[in-house]
Amino acid sequence: MKEIPKAYNPQDVEDKIYKKWEDSGYFNPDNLKLAEKADYFSISMPPPNRTGTLHTGHAIMLAYQDLMVRYNRLLGKKTLWLPGTDHAAIATQAKVEKELYKKEGKTRHDLGKENFLQKVVEFAEESKNIINKQVRKMGSSCDWSRERYTLDEGLTHVVKKAFIKMHEVGLIYRGDRIVNWCPHCMSTLSDDEVEYQETKGKFYTFKYAEDFPFAISTTRPETKLGDTAVAVNPKDKRYKKYIGQTFTINIGAGEQKIKIIADDSVDMKLGTGALGVTPAHSMIDYEMAQKNNLPVIKVIGEDGKMTALAGKKYQGLYVLAAREKLVNWLEEKGLIEKEEEIDMNLSVCYRCSTAVEPLPSKQWFIDVNKKITLTDNKYFQNKSIKEAALGVIKDREIKIIPQKFEHDYFRWLENLRDWCISRQIWFGHQIPVWYKNKGRLNEEIFVGMNAPKGKHWVQDEDTLDTWFSSGLWTFSTLMDKSFVKYNSWEDWVKGSKDLEFHPTSVMETGYDILFFWVARMIIQTTFMMGEIPFETVYLHGLVRDEKGRKMSKSLGNVVDPLDLIKKYGTDALRVAMITGTSAGADTRLYDEKVEGFRNFVNKLWNISRYILTSVSEIKRIKDKPQVKTLADEWILSKLDLVIEQVTKDLDKFNFSPASDVLRDFTWNDLADWYLEISKIEKDKDEILLYILERLLILWHPFIPFVTEAIWENFEADDLVMVQSYPKAEKRVKEAEEFNLIVDIISLIRNLRAENRIEPAKKVNVKLIGGKNVKLLNDQGEIIKGLARIDNLEILNKGEKPGQSVGGVVSGVEVYILLEGLVDKAKETKRLTKEIESIKNYISRLEKKLGNQEFVKNAPKEIVDKEKVKLKEQKEKLQKMEEQLKSIK
RNA sequence: GGGUAUAUAGCUCAGUGGUUAGAGCGUUCGGUUCACAUCCGAAAGGUCAAUGGUUCAAAUCCAUUUAUACCCACCA
């Protein structure tokens with residue numbers, strides 16, 4: 001007999017086990033021994049950013065996905081979990097820039113594009129290695145042979161194809177628009193990359209000039225240097241007479257012509273009810289300017305400083321300095337009427353928290369409203385991107401769990417504006433567009449896979465939004481890495497065997513990137529493939545600290561998943577993150593919680609140790625062993641119920657309840673009760689092994705390491721990760737269960753009588769579904785305190801099932817209410833009560849309807865309604881009576 | 001400003017119209033050489049946020065209120 005350590009030590013086994021898994025080749029579906037017509041199950045791993053290390057968000061995602069993947073693999077499906085990483089353009093570049101500045105005091109421009117990119121690539125490679133090591137540490141059973149990277153050759157090729165195809169049908173266009181500009185990253189941002197911070201701001205009310213007829217209000221006086229109009233509400237009597245007039249002012253930028261325009265969107269109550277229109281630096285103002293044909297004057301540059309158009313006095317100043325200077329000047333001139341402190345939301349860059357500057361700029365956009373028709377694509381038959389992406393969720397082709405997020409998804413899409421996809425970043429997919437004579441009148445543009453022939457073609461310097469490539473992730477990763485042998489896109493798609501795993505089965509990710517990523521995958525995949533990217537979206541919540549706060553460096557409450565793994569083991573961390581939470585709900589993670597599951601893992605280890613060391617021979621038990629006592633029958637039927645419940649829960653993505661059920665069975669029923677019995681009633685080897693074997697498989701998706709480590713004791717057999725999932729046997733008849741309980745109670749009495757259990761000690765009666773036996777008097781009221789078995793007269797075995805077990809305590813008649821597994825008594829009682837209640841109701845209804853006066857006088861609808869009710873209740877009654885009969 | 005959640009034991013959470021509302025942790029008490037102190041047993045602890053309504057029956061459905069969280073918009 002092999003020595004099994006007293007306590008489970010994850011550190012000793014995890015790496016070894018992972019290596020064993022990886023060496024087995026079973027992460028790769030091609031190596032699974034499968035039934036011929038096996039279904040597939042596939043998940044694309046959301047690629048972690050190559051920006052450093054994994055955090056708890058990654059850990060929870062890996063735990064969920066590995067759980068689903070292992071479960072489906074055990075079910076015998078052709079299972080693929082495809083790993084990879086994301087280059088994360090802005091994020092990665094920003095990180096390297098920060099390091100560079102910290103270490104060498106240099107900017108990317110000091111290094112030059114080539115040298116800088118070299119550094120980024122090195123950093124990204126290093127990050128990848130760290131990340132992949134950590135993904136392994138989490139026990140992820142993903143197929144490393146299929147690992148992909150958003151910047152690898154194949155994917156880059158797909159990205160270009162996507163751009164070109166979208167351009168061809170007119171979805172991608174180049175245009176002048178107001179974009180969100182981050183002066184620090186020196187790049188555009190999409191609307192979703194802008195965040196808001198609550199800040200205190202000053203709300204100034206002033207006149208442009210002494211002779212200007214009224215004052216305007218703003219929080220950003222410096223932008224007023226670029227004003228070309230003042231907008232007022234057309235209903236506003238104060239200003240009606242000025243509409244259409246033009247005034248000339250000079251606040252430092254030279255002569256500015258200000259036209260008074262009317263616009264419904266102006267709030268008459270806010271400030272003076274007059275709004276200075278700065279077309280170049282506000283989205284709304286820009287729209288007004290378009291409507292009214294106003295000039296756009298750009299007074300703030302890409303570097304966040306005032307431009308020449310802002311006037312000599314202000315040129316070159318940062319916006320805040322310019323603001324101060326202008327306000328001082330206005331004060332001197334006595335033009336300021338009011339200065340108020342207000343709370344406002346400042347737009348900031350989601351990467352570097354720099355204030356975002358809206359700027360007019362020429363960029364590439366995806367048109368979300370243009371209707372297009374594509375051959376062989378059912379989603380795009382005179383449909384826009386918006387409509388197609390709405391349709392797949394509305395038609396429930398894609399299911400979102402939890403469903404409440406569908407609402408958010410719809411609202412986001414409905415309000416979606418054209419998506420700006422060009423970024424002024426060096427690291428990423430360079431836009432596949434070449435120019436000749438860029439910016440001149442005779443400019444030529446070429447869009448294609450490679451540079452066109454001929455001289456003087458220069459490729460667009462910009463790169464694509466990182467989400468443009470991630471949006472293609474589910475299918476691009478399944479296409480052959482090498483496309484060289486294919487002549488066309490169609491050939492490539494046809495020749496890529498792995499596309500059999502597409503659409504992927506599940507997309508599991510955090511709800512925080514529903515818009516960023518999930519929505520874009522839907523958009524781009526339906527467009528490129530005429531296929532949905534995934535069938536189900538499972539969204540998990542954010543991981544928070546013990547107090548429910550977001551983890552952040554500044555709060556110092558960041559939990560490193562690796563620390564927890566070191567302390568408690570991967571299994572404990574995994575199950576701690578999944579238990580006690582539901583889809584879309586945030587999870588709190590803290591030491592005590594993980595510790596609790598470490599204790600459980602150790603418990604399972606010891607249960608196994610006990611069984612494996614006490615049986616005479618360790619072997620697999622294929623068929624249900626022979627039942628010798630009622631305790632055997634009980635534990636085996638309980639196991640069946642557990643299998644049934646767990647399977648049902650996992651199929652419905654209810655992970656937490658599944659682990660609860662398993663834990664309850666393992667700890668309360670098996671360890672605390674049945675193992676104790678087995679010490680007295682001998683000859684239970686087969687049953688113990690039978691249960692252990694199945695229990696390990698059931699637990700495996702949750703806690704893969706410890707289950708595999710224990711499984712190693714079944715030496716002759718393959719890994720637990722490729723066993724077949726247990727199926728529930730036919731449920732034993734309820735009467736048997738009933739008798740079983742009675743017998744177990746008898747058993748306890750006998751044990752007492754033989755002095756094998758101390759008579760004074762209260763007996764553990766948790767055997768019944770983990771619940772206590774409670775005593776009721778004949779009124780059905782609880783007699784406080786636990787049933788002392790000593791005081792009970794156990795019923796005869798022949799007692800009719802469906803009734804409580806009765807007895808006498810101190811002269812009072814009592815009933816044991818059997819809860820949990822055997823709930824016949826409970827169910828009977830409940831049904832009887834309900835039936836009585838409904839009967840009562842029915843008789844009242846009948847009486848009412850039998851009353852001629854009521855039928856005559858009451859409105860017809862009410863009478864009809866009552867009739868319908870009566871019918872419904874009668875049906876219900878019948879159902880219940882049948883139910884009651886079936887129980888009896 | 002618009003929206004979406006959430007509110008159940010000291011804490012973290014189950015409970016998806018039907019008995020007497022549950023679990024884990026924590027607390028208190030008792031035990032423990034014999035698989036496990038990373039253990040075992042027991043107890044205490046609840047106006048199910050408030051109010052009103054629907055229903056034969058409400059923690060559960062509806063409305064209002066209060067509190068909290070998140071998302072979106074606006075930022076004149």
Side-chain angles (χ1 to χ4, degrees), chain A residues 4 6-8 196 199 201 203-205 216-220 231 265-267 270-278 282-285 342-347 402 404-405 407-408 411-412 415 511-512 514-515 541-542 546 548 568 572 579-582 584-588 590 592-593 595-614 656-657 660 663-664 668 671-672 675-676 679 761-764 766 770-772 774 776 780-782 785-786 817 819 823 825-834 836-845 869 873 880:
Chain A
I4 302 175
K6 237 179 151 179
Y8 171 64
Y196 301 96
T199 37
F203 192 50
Y204 302 92
T205 299
I216 54 143
S217 303
T218 181
T219 54
R220 301 201 54 189
S265 63
V266 178
D267 182 351
L270 193 64
T272 57
L275 145 72
V277 180
T278 320
S282 153
M283 301 269 180
I284 298 227
D285 293 9
I342 57 157
D343 293 318
M344 52 179 248
N345 276 328
L346 187 66
S347 319
K404 66 176 182 189
F405 283 104
H407 185 266
D408 288 349
R411 228 156 37 89
W412 178 81
N415 297 321
Y511 66 74
D512 51 331
L514 177 62
F515 306 140
L542 305 177
E546 194 170 5
Y568 304 110
T579 306
T581 185
S582 53
D586 292 350
T587 316
R588 299 188 187 200
Y590 44 91
E592 289 84 342
K593 197 170 172 184
E595 197 184 339
F597 287 102
R598 189 268 318 263
N599 295 354
F600 173 75
V601 168
N602 187 61
K603 184 79 187 179
L604 182 64
W605 176 264
N606 270 293
I607 289 168
S608 311
R609 184 160 92 103
Y610 173 74
I611 294 176
L612 293 171
T613 50
S614 67
S656 181
D660 282 346
R663 186 188 140 104
D664 195 42
N668 297 333
D672 289 350
L675 287 191
E676 294 306 321
K679 288 176 188 170
K761 196 176 160 189
K762 285 178 185 174
V763 163
N764 170 17
K766 267 196 168 178
K771 302 282 165 71
N772 292 328
K774 288 169 186 168
L776 303 185
E781 292 157 349
I782 289 183
L786 182 81
L817 186 63
E819 287 188 287
D823 52 4
K826 184 173 150 184
E827 196 59 17
T828 309
K829 202 166 173 154
R830 181 179 70 81
L831 280 171
T832 314
K833 204 171 163 190
E834 274 173 43
E836 208 167 293
S837 162
I838 290 173
K839 269 185 184 163
N840 236 329
Y841 182 46
I842 288 176
S843 79
R844 270 176 30 212
L845 276 176
K869 257 191 202 166
Q873 292 300 324
M880 283 190 171

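Protein chains get the first letters and strands the later ones, always in sequence-line order, with residue 1 at the start of each.
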Asker: Side chains of T579(A) and S656(A): do they bring a donor and an acceptor to under 3.5 Å?
Answerer: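 Checked: T579(A)/S656(A) side chains show no N/O donor-acceptor pair below 3.5 Å.
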
Asker: For N668(A) and G22(B), give me the distance from atom CG to atom C1', rounded to whole Å.
Answerer: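 Rounded to whole Å, this separation is 13 Å.
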
Asker: Out of U38(B), C72(B), A35(B), which has the shortest distance to the side chain of A671(A)?
Answerer: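 Given the options U38(B), C72(B), A35(B), the side chain of A671(A) is closest to A35(B).
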
Asker: Below 4.5 Å, heavy atoms only, C-beta onward: do Y610(A) and L675(A) meet side chain to side chain?
Answerer: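 They are in contact (side-chain heavy atoms under 4.5 Å apart), so the answer is yes.
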
Asker: Would you mind reading off the distance between N599(A) atom CG and C40(B) atom C1', rounded to a whole angstrom?
Answerer: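 The distance from CG of N599(A) to C1' of C40(B) comes to 14 Å, rounded to the nearest Å.
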
Asker: Please check the phosphate of G3(B) (OP1 and OP2 only) for any side-chain N or O of K404(A) closer than 4.0 Å.
Answerer: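 Checking G3(B) against K404(A), no side-chain N or O comes under 4.0 Å of OP1 or OP2.
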
Asker: For nucleotides 7-11 of chain B, give me every protein contact, N/O to N/O, under 3.5 Å, one pair per line with atom names.
Answerer:
none

Asker: In whole Å, I'd like the distance from the CD atom of E592(A) to the P atom of C13(B).
Answerer: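 Distance check: E592(A) CD to C13(B) P gives 14 Å.
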
Asker: Roughly, in whole Å, what's the span from CZ in R411(A) to P in G2(B)?
Answerer: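 Whole-Å distance recorded here is 12 Å.
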
Asker: Watson-Crick or G-U wobble partner for A44(B), using a 3.5 Å limit on both distances?
Answerer: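 Result: none.
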
Asker: Distance between the P atoms of U47(B) and C34(B), in whole angstroms?
Answerer: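 Those two atoms are separated by 43 Å.
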
Asker: U12(B), U38(B), C36(B): which one has an atom nearest the side-chain heavy atoms of K593(A)?
Answerer: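 The closest nucleotide is U12(B).
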
Asker: In whole Å, what is the span from the CG atom of D664(A) to the P atom of C13(B)?
Answerer: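 Rounded to whole Å, this separation is 20 Å.
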
Asker: Return the minimal non-hydrogen interatomic distance between I607(A) and A671(A), and the atom names on each side.
Answerer: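 Heavy-atom minimum between the residues: CD1-CB, 3.6 Å.
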
Asker: Could you pull out the closest heavy-atom pair between G276(A) and D285(A), with the gap in Å?
Answerer: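 Where G276(A) meets D285(A) most closely, the heavy atoms are O-OD2, 3.5 Å.
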
Asker: Rounding to a whole Å, what distance do you find between H407(A):NE2 and G3(B):P?
Answerer: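 Interatomic distance, NE2 of H407(A) to P of G3(B): 9 Å.
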
Asker: When the P atoms of A44(B) and G10(B) are compared, how many Å lie between them, rounded to an integer?
Answerer: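 It comes out at 15 Å once rounded to the nearest Å.
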
Asker: Distance between the C1' atoms of U6(B) and C48(B), in whole angstroms?
Answerer: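 Pairwise C1' distance, U6(B) against C48(B), rounds to 14 Å.
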
Asker: For the residue pair F515(A) and W412(A), does the interplanar ring angle fall in the parallel (under 30°), tilted (30 to 60°) or perpendicular (over 60°) class?
Answerer: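 Aromatic pair F515(A)/W412(A) classed parallel.
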
Asker: Ignoring hydrogens and angles, tell me if any N or O in the side chain of N415(A) forms a donor-acceptor pair with the backbone of R411(A) under 3.5 Å.
Answerer: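 Yes; at least one donor-acceptor contact below 3.5 Å.
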
Asker: Taking the same atom, P, in A21(B) and in A49(B), what whole-Å distance lies between them?
Answerer: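 A21(B) and A49(B) have their P atoms separated by 15 Å.
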
Asker: Would you classify R609(A) as touching base, sugar-phosphate or nothing, given that sugar-phosphate means primed atoms plus P, OP1 and OP2, and contacts are heavy atoms under 4.0 Å?
Answerer: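 Sugar-phosphate contact only.
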
Asker: What is the separation between atom CZ on R598(A) and atom P on C25(B), rounded to the nearest whole Å?
Answerer: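 Computing the R598(A):CZ to C25(B):P distance gives 13 Å.
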
Asker: Between N or O atoms, less than 3.5 Å apart, protein on one side and nucleotides 74-76 of chain B on the other: list the pairs.
Answerer:
unit_1: C74(B); atom_1: N4; unit_2: N345(A); atom_2: ND2; d: 3.0
unit_1: C75(B); atom_1: O2; unit_2: N345(A); atom_2: N; d: 3.0
unit_1: C75(B); atom_1: O2; unit_2: N345(A); atom_2: O; d: 2.1
unit_1: C75(B); atom_1: N3; unit_2: N345(A); atom_2: O; d: 2.7
unit_1: C75(B); atom_1: N4; unit_2: Y196(A); atom_2: OH; d: 3.4
unit_1: C75(B); atom_1: N4; unit_2: S347(A); atom_2: OG; d: 3.0
unit_1: A76(B); atom_1: OP2; unit_2: T219(A); atom_2: OG1; d: 3.4
unit_1: A76(B); atom_1: N6; unit_2: S265(A); atom_2: O; d: 3.1
unit_1: A76(B); atom_1: N1; unit_2: D267(A); atom_2: N; d: 2.9

Asker: Donor-acceptor check, side chain of N606(A) to backbone of N602(A), threshold 3.5 angstrom: yes or no?
Answerer: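 Confirmed, N606(A) side chain pairs with N602(A) backbone.
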
Asker: Do K6(A) and C36(B) have a side chain to base donor-acceptor pair shorter than 3.5 Å?
Answerer: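 There is none.
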
Asker: Considering only atom P, compute the distance from A5(B) to U12(B) and round it to an integer number of Å.
Answerer: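 A5(B) and U12(B) have their P atoms separated by 22 Å.
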
Asker: Go ahead and name the base partner of G1(B); Watson-Crick or wobble counts if both distances stay under 3.5 Å, otherwise write none.
Answerer: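 Per the H-bond distance test, C72(B).
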
Asker: Return yes if some donor-acceptor pair links the side-chain N/O of S608(A) with the main-chain N/O of L604(A) below 3.5 Å, else return no.
Answerer: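 Side chain of S608(A) to backbone of L604(A): a pair is present.
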
Asker: Take atom OH of Y511(A) and atom P of C72(B), then tell me their distance rounded to the nearest Å.
Answerer: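 From Y511(A) OH to C72(B) P: 11 Å.
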
Asker: Taking all non-hydrogen atoms of both residues into account, name the closest pair between L542(A) and D586(A) and its distance.
Answerer: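 Looking at all heavy atoms of both residues, the closest pair is N-OD1, 2.9 Å.
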
Asker: If you only use heavy atoms from C-beta on, which nucleotide in U38(B), U4(B), G24(B) is closest to the side chain of R663(A)?
Answerer: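 Nearest to the side-chain atoms of R663(A), counting from C-beta on, is G24(B).
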
Asker: Looking at U38(B), C71(B), G41(B), which one has an atom nearest to any side-chain atom of D672(A)?
Answerer: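 Shortest atom-to-atom distance from the side chain points to G41(B).
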
Asker: Does the gap between the ring centers of F405(A) and Y511(A) come in under 6.0 Å?
Answerer: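 When the ring centroids of F405(A) and Y511(A) are compared, they turn out to be within the sub-6.0 Å range.
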
Asker: Considering only atom C1', compute the distance from U55(B) to U60(B) and round it to an integer number of Å.
Answerer: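 The answer is 13 Å between these two C1' atoms.
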
Asker: Between A35(B) and G45(B), how far apart are the C1' atoms? Round to whole Å, please.
Answerer: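 These two C1' atoms come out 33 Å apart once rounded.
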
Asker: Report yes or no: is the cationic atom of K603(A) (NZ for Lys, CZ for Arg) closer than 6.0 Å to the six-membered ring centre of F597(A), at no more than 45° off its axis?
Answerer: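 No.
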
Asker: Please report the distance separating the P of C75(B) from the corresponding atom of C13(B), rounded so that it comes out in whole Å.
Answerer: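 To the nearest whole Å, 37 Å.
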
Asker: Could you check which nucleotide pairs with G10(B) in any of the strands shown, counting Watson-Crick or G-U wobble with both distances under 3.5 Å?
Answerer: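 When the pairing criteria are applied, C25(B) turns out to be the nucleotide that pairs with G10(B).
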
